[in-house]
Amino acid sequence: MKGKAGLVVGIAIGYVLGSRAGRERYEQIKEQWLKVWNMDPVQEQVGKVKDFAKSQAMALPSTLWDSAVKVTKAAGSKGTPGQRLDAAINVGDESLDDVERAAQTSAQAVTDAVDDAVEDASQNGRGGA
């Protein structure tokens, strides 16, 4: 599904950029594209993807904040300066893994949402390739 949509978009862009019909044909293509883009079903899917992406993007900053708090607490813990440094480094390594997992989860969730929106739109006869 994704490959077909990409192929159609690529062909359309190539035609527009390589067209010898001039400005008039470009304006016609642009007008048609804007009509499709501004259709309610298309904008509904765009809105779903935007909302989901925003919600997923909010998860990453909270993970970063939690990680920074853990490292700060570890650096301020009891013990010799060397022990506190070791604790902060260990917590930092663990936090790095948490941040990496959160980033990968968010990226995958957004990708899945886009794929679902494209599939939903094509199944409902609202476009797609």
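Positions are given from 1, in the same order as the sequence printed here.
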Go through the structure and list residues passing side-chain contact (heavy atoms from CB on, under 4.5 Å) with [X], not counting sequence neighbours.
| X | answer |
| --- | --- |
| I89 | L85, D93 |
| W65 | V69 |
| S67 | T63, S95, V99 |

Contacts of type side chain to side chain donor-acceptor pair (under 3.5 Å), residue [X], not counting sequence neighbours:
| X | result |
| --- | --- |
| E94 | none |
| D98 | R101 |
| Q108 | D112 |

**OP:** Compare every heavy atom of V42 with every heavy atom of V36, then report the nearest pair and how far apart it is.
**Re:**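 V36 and V42 have their closest heavy atoms at O-CG2, 3.4 Å.
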**OP:** Search all heavy atoms of V91 against all heavy atoms of V71 and return the closest pair with its distance.
**Re:** CG1-N, 3.7 Å
Original post:
Quick one: are T80 and Q83 in side-chain contact, heavy atoms under 4.5 Å?
Top reply: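 Yes, at least one pair of side-chain atoms sits under 4.5 Å.
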Original post:
To the nearest 0.5 Å, what is the distance between CD (E100) and OG1 (T105)?
Top reply: 10.0 Å
Original post:
Atom NZ in K50, atom CD in Q43: separation rounded to 0.5 Å?
Top reply: 7.0 Å
**OP:** Write out all pairs satisfying salt bridge (Lys or Arg N to Asp or Glu O under 4.0 Å) with one or both partners inside residues 29-43, taking only residues at least two apart or from two chains.
**Re:** E31-K35
